[in-house]
Amino acid sequence: MFSRWSEDITKEEFLSMVLPLVEREGFRLTRDVETRDEILDGLIENIKEEGDSFCPCRLKTDDFDENRKLVCPCINFSKEYYASLQKCWCGLFVVDQVEDDEDLFGVVEEAEVFDYPIVRLKNLAPNTPLTFEVNHDHYSLVKDENDELFLLKGLCPHMAAEFSGGFVEEGRLVCPHHAWSFSLQDGSGDHPGPGLTPRPCYVKDGVVYMEVDKRKN
């Protein structure tokens with residue numbers, strides 16, 4: 001069986017290859033040594049027996065598309081969900097900001113609906129759109145001069161452009177490319193055609209969240 005891994009790969013060699021990918025997504029290796037070693041032992045065993053680094057906490061099927069989501073690191077396949085949990089499925093990797101890794105121990109179950117942390121409120125500049133993507137949908141978050149929050153879903157329909165670099169004027173989000181504008185209240189545009197979709201968001205412990213429903217988003 002062909003494998004991209006060496007048959008005698010060590011845990012240290014495995015980590016040296018995957019950690020740069022994990023750190024790029026804002027995660028790090030857990031400091032919980034017992035959890036780390038147990039999961040890494042299972043990963044190395046799967047590499048030797050299955051030919052790839054399948055997560056030892058999950059079961060393979062005969063479905064290739066589903067199985068590829070089990071290959072460690074699997075963060076990219078459910079990044080938003082794992083960010084909300086502050087850990088990957090098995091807990092080998094945790095979000096950078098986590099202070100006590102042991103609180104996150106244990107395997108999780110995939111959720112269809114979860115709360116996604118967008119940004120710390122104090123880091124959100126007034127009347128400056130923060131753009132981001134969740135489940136391939138584009139969003140713009142705005143805090144106005146009265147600290148009221150507005151979340152709009154969608155790209156500018158003119159050229160399918162993001163609102164990064166745009167601004168807010170008289171209660172409207174203005175696209176930086178050709179100045180098409182959209183109401184913060186209801187997403188309606190100033191040109192014929194579709195507008196943007198308002199979405200709810202809320203603040204908890206200084207962080208702005210939105211609800212993500214994977215069946216709809």
Side-chain angles (χ1 to χ4, degrees), residues 1-119 131-139 153 204 207 209-217:
M1 178 191 302
F2 172 79
S3 173
R4 61 196 175 110
W5 306 104
S6 167
E7 291 185 359
D8 57 354
I9 188 172
T10 65
K11 291 184 285 189
E12 292 73 22
E13 290 171 337
F14 174 77
L15 288 175
S16 70
M17 297 181 68
V18 301
L19 275 178
L21 306 176
V22 169
E23 292 168 351
R24 187 174 62 195
E25 302 298 337
F27 287 71
R28 62 167 174 78
L29 182 65
T30 179
R31 300 189 186 104
D32 185 336
V33 177
E34 183 177 353
T35 298
R36 181 191 67 200
D37 288 344
E38 180 180 348
I39 296 171
L40 285 172
D41 285 341
L43 284 167
I44 297 302
E45 182 177 348
N46 281 344
I47 288 174
K48 294 178 179 179
E49 294 186 359
E50 303 287 345
D52 213 336
S53 55
F54 294 104
C55 178
C57 303
R58 307 173 74 174
L59 297 176
K60 285 180 59 184
T61 68
D62 293 328
D63 188 325
F64 172 80
D65 284 335
E66 290 302 315
N67 286 342
R68 66 190 179 91
K69 300 176 184 178
L70 310 184
V71 175
C72 181
C74 62
I75 292 171
N76 276 335
F77 288 104
S78 300
K79 183 179 177 181
E80 295 84 10
Y81 181 48
Y82 291 156
S84 73
L85 297 174
Q86 299 187 298
K87 57 175 279 187
C88 69
W89 183 278
C90 61
L92 180 61
F93 304 113
V94 302
V95 173
D96 284 338
Q97 293 80 5
V98 170
E99 296 181 359
D100 190 349
D101 296 13
E102 292 186 2
D103 286 345
L104 302 177
F105 178 74
V107 177
V108 300
E109 293 188 6
E110 193 78 34
E112 294 291 344
V113 182
F114 58 92
D115 295 322
Y116 174 65
I118 303 172
V119 65
T131 60
F132 61 98
E133 184 178 345
V134 175
N135 287 346
H136 308 295
D137 289 320
H138 296 265
Y139 296 86
K153 175 183 175 182
K204 179 181 179 181
V207 177
Y209 289 84
M210 64 176 283
E211 182 182 273
V212 174
D213 189 336
K214 296 177 68 175
R215 299 164 298 184
K216 300 177 181 179
N217 289 75

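The structure presented is a predicted model; accordingly, all values stated were derived computationally and were not measured.
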* **Nearest atoms (heavy-atom pairs only) where Tyr116 meets Val212** => CB-CG2, 3.6 Å
* Angle class for the Tyr139/Phe132 ring planes (parallel below 30°, perpendicular above 60°, tilted otherwise)? -> parallel
* Asked: From Leu92 CG over to Glu38 CD, what is the distance, rounded to the nearest 0.5 angstrom?
  -> 11.0 Å
* Asked: For the residue pair Cys72 and Leu43, what are the closest heavy atoms and their distance?
  -> CB-CD2, 3.7 Å
* Structure fact -> Contacts of Asp65 meeting salt bridge (Lys or Arg N to Asp or Glu O under 4.0 Å) (sequence neighbours excluded), chain-then-number -> Arg68
* Do the non-hydrogen side-chain atoms of Leu15 and Leu40 ever get within less than 4.5 Å of each other? -> yes
* Over all heavy atoms of both residues, which pair between Cys74 and Arg58 is shortest? Give the atoms and the distance, please. => SG-NH1, 4.1 Å
* **Heavy-atom pair with the smallest gap, counting every atom of Val95 and Lys87** => CG2-N, 4.3 Å
* Hey, is CD on Glu133 packed in by over 12 heavy atoms from elsewhere, all under 6.0 Å? -> yes
* Asked: Considering all heavy atoms of both residues, which atom of Ala83 and which atom of Pro117 are nearest to each other, and what is their separation?
  -> O-CG, 4.0 Å
* Check whether any side-chain heavy atom of Val22 lies under 4.5 Å from a side-chain heavy atom of Leu29, and answer yes or no. => no
* To do: Calculate, to the nearest 0.5 Å, the distance between atoms NZ and CG belonging to Lys153 and Asp137 respectively.
  => 4.0 Å
* Look at Lys48 together with Glu45 and state whether they make a salt bridge at an N to O cut-off of under 4.0 Å. => no
* Asked: Atom CD of Glu34 and atom CD1 of Ile39: how far apart are they, to the nearest 0.5 Å?
  -> 10.5 Å
* Heavy-atom distance under 4.5 Å between the side chains of Phe27 and Pro73, does that happen here? -> no
* Asked: Just wondering, do Thr30 and Phe93 contact through their side chains at under 4.5 Å, heavy atoms?
  -> no
* Looking at side-chain heavy atoms only, is the closest gap between Ser53 and Asn46 below 4.5 Å? -> no
* Asked: Does some side-chain heavy atom of Lys11 sit less than 4.5 Å from a side-chain heavy atom of Asp41?
  -> yes
* **Interatomic distance, Ile75 atom CD1 to Trp89 atom CH2 [nearest 0.5 angstrom]** => 14.0 Å
* Asked: How about Arg28 and Val94: do any of their side-chain heavy atoms sit closer than 4.5 Å?
  -> yes
* Asked: Could you give the distance from NZ (Lys60) to CG (Leu70), rounded to the nearest 0.5 Å?
  -> 8.5 Å
